[in-house]
**Student:** 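Please read through the structure below; I'll follow up with questions.
Here is the naming used below: chain letters follow the sequence lines, and residue numbers restart at 1 for every chain. Note that these values count all heavy atoms, side chains included, but never hydrogens, waters or copies made by symmetry.
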2 protein chains.
Amino acid sequence: MEDTKTRILDAAERLLSERGFTAISLRAVTAGAGVNLGAVNYHFQSKKALIQAVFARRLEPLNRRRLAALDACEARAAGKPVPLEELLHAFLGPVMKPDGAGAGFVQLMGRMYTEPSLDVRRVFSAEMGKIAQRFISAFRRALPELPPEELFWRLLFTIGAMAQTLGAGLLLHFISGGICDPSDLEGIEKRLIRFAGAGFRASAGDARGKKRAARVRVS
Amino acid sequence: MEDTKTRILDAAERLLSERGFTAISLRAVTAGAGVNLGAVNYHFQSKKALIQAVFARRLEPLNRRRLAALDACEARAAGKPVPLEELLHAFLGPVMKPDGAGAGFVQLMGRMYTEPSLDVRRVFSAEMGKIAQRFISAFRRALPELPPEELFWRLLFTIGAMAQTLGAGLLLHFISGGICDPSDLEGIEKRLIRFAGAGFRASAGDARGKKRAARVRVS
DNA sequence: GTCTATATGGGGATAGAC
DNA sequence: GTCTATCCCCATATAGAC
């Protein structure tokens with residue numbers, strides 16, 4: 001039997017990924033955890049602090065794995081730019097392969113990107129700030145001809161594609177009629193890397209936008 | 001002075017795009033609208049019905065515009081497949097150019113894709129179901145060699161990129177350090193079409209995923 | 001550390017005067 | 001149609017017994 005603190009964190013994580021911050025009550029959390037209502041205010045100080053702890057528990061190791069993967073890529077590259085697809089894998093892989101965290105982890109990550117609560121955003125921003133610069137520098141080196149502004153947008157597109165995928169049970173159901181398997185995280189990551197990789201390599205374009213849209217071929 | 005019903009819808013839309021379904025109270029809505037608390041239960045029957053009305057008010061004309069744009073594309077194509085970028089424009093354009101709706105519209109659309117509330121999802125799914133098949137058929141014709149499963153995933157990636165962009169003030173701030181302008185909707189749409197267009201055209205790949213990642217060139 | 005009981009406030013919904 | 005007052009429930013947080 002895990003200790004009370006962990007049980008609370010687990011239950012909160014599950015409910016949070018399903019319903020979001022404001023929709024869950026401490027009563028629901030403690031009932032799900034099989035512990036007493038008072039325990040949450042003993043181990044954490046407030047609902048806010050509990051939610052921040054839930055996210056922090058996953059974000060810290062996640063970003064450690066991301067940085068470790070980036071380190072490994074750069075060591076392999078031996079001074080040369082890291083190939084684009086390896087960078088994408090270093091960034092996306094740790095999210096898609098949670099390595100022993102609960103099943104709710106992936107959905108939780110998806111929710112974090114879209115959670116409107118300021119408290120959640122604060123802890124999320126703090127953690128992301130630690131890794132953003134390293135990855136952006138690496139992407140710049142991999143795509144030296146892409147204007148920085150365009151690079152940022154494409155990173156945002158990629159993150160959005162990832163977040164949507166993690167959170168999507170709904171859309172997938174309607175769009176695919178059920179032929180897509182949202183539980184195949186490895187397959188999804190490969191598809192996403194392929195999609196985003198091609199997107200990153202598209203020409204940056206000009207002010208006239210879509211009329212000069214790239215004609216792309218695959219060798 | 002607009003009528004009470006409209007004022008309530010407007011206030012609810014603004015608050016909803018900022019904070020989400022469960023976080024807003026009818027008291028906050030009526031205070032923001034400058035109307036009485038009882039009015040919301042007179043004009044609508046419940047909070048749930050109000051929120052559904054908020055989304056439906058925007059979704060219906062949005063999807064009408066999408067279908068009209070698709071109709072125009074297919075008329076121009078005269079029986080041939082509609083080019084991919086035109087399809088993307090027909091789908092994304094009406095979201096990015098709200099045509100006189102309030103400023104909160106774009107954020108509201110972003111939130112709709114990530115809202116966990118079942119009530120919201122229900123109205124959203126109902127509206128999307130009406131246009132999904134038409135667009136999917138058109139995409140299939142534009143990309144006849146792409147396996148259906150892959151097409152669905154790439155559509156989901158594109159929708160995710162769009163939703164993230166619409167909702168993102170947070171990530172953009174951190175990632176770009178402020179050089180990206182989230183209010184330039186037309187520019188964003190062009191960038192997104194370019195990115196997604198290249199992603200759709202990437203080779204479908206095989207089971208080994210990233211190791212055979214496409215080498216893409218632009219003509 | 002754990003549980004019960006409770007303080008305090010806010011929520012949605014409604015009844016009924018005007 | 002609009003406003004006020006109110007019912008009743010549920011929320012977070014805490015105090016204090018064990």
**Student:** Examine the base of C:dG10 for any acceptor or donor lying under 3.5 Å from a partner atom in the side chain of B:R27, and report the outcome as yes or no.
**Tutor:** no
**Student:** Please give, in whole Å, the distance from C:dG1 P to A:K5 NZ?
**Tutor:** 9 Å
**Student:** B:T4 side chain N/O closer than 4.0 Å to the phosphate oxygens (OP1, OP2) of D:dT2?
**Tutor:** yes
**Student:** Without decimals, in angstroms, what is the distance between B:L50 CG and C:dG11 P?
**Tutor:** 15 Å
**Student:** Are A:F139 and A:F91 an aromatic pair, judged by ring center distance below 6.0 Å?
**Tutor:** no
**Student:** Roughly, in whole Å, what's the span from CD1 in A:I51 to P in D:dA13?
**Tutor:** 10 Å
**Student:** Please check if atom CD in A:E18 has more than 12 non-hydrogen atoms from other residues, nucleotides or ligands closer than 6.0 Å.
**Tutor:** yes
**Student:** Go through D:dA11, C:dA13, C:dC3 for me and flag the one nearest to the A:N36 side chain.
**Tutor:** C:dC3
**Student:** Side chain of A:L37 only, heavy atoms from C-beta on: which candidate in C:dA13, C:dG1, D:dA13 is closest?
**Tutor:** D:dA13
**Student:** Send over the distance from B:I24 CD1 to D:dA11 C1', rounded to a whole Å.
**Tutor:** 18 Å
**Student:** Establish, yes or no, whether the cationic atom of A:K47 lies under 6.0 Å from the six-membered ring centre of A:F21 and within 45° of the ring axis.
**Tutor:** yes
**Student:** As a test of reading the structure: which of D:dA11, D:dT2, C:dT2 is closest to the side chain of B:H43, going by heavy atoms?
**Tutor:** D:dT2
**Student:** Expressed in angstrom and rounded to an integer, what is the separation of A:Y42 atom OH from D:dG16 atom P?
**Tutor:** 17 Å
**Student:** Between A:Y42 and A:K5, is there a cation-pi geometry (under 6.0 Å to ring centre, at most 45° from the normal)?
**Tutor:** no
**Student:** Considering only side-chain heavy atoms of B:K47, which listed nucleotide, C:dG12, D:dA13, D:dT2, is closest?
**Tutor:** C:dG12
**Student:** Which is more 5' along DNA chain D, the nucleotide nearest A:G38 or the one nearest A:A28? Just name the residue.
**Tutor:** A:A28
**Student:** Take atom CG of A:N41 and atom P of C:dA5, then tell me their distance rounded to the nearest Å.
**Tutor:** 18 Å
**Student:** For C:dG10 and B:S25 - does any side-chain N or O of the residue sit under 4.0 Å from the phosphate oxygens OP1/OP2?
**Tutor:** no
**Student:** Does the gap between the ring centers of B:F124 and B:Y113 come in under 6.0 Å?
**Tutor:** yes
**Student:** Given atom CG of A:L26 and atom C1' of C:dT8, what is their separation to the nearest angstrom?
**Tutor:** 16 Å
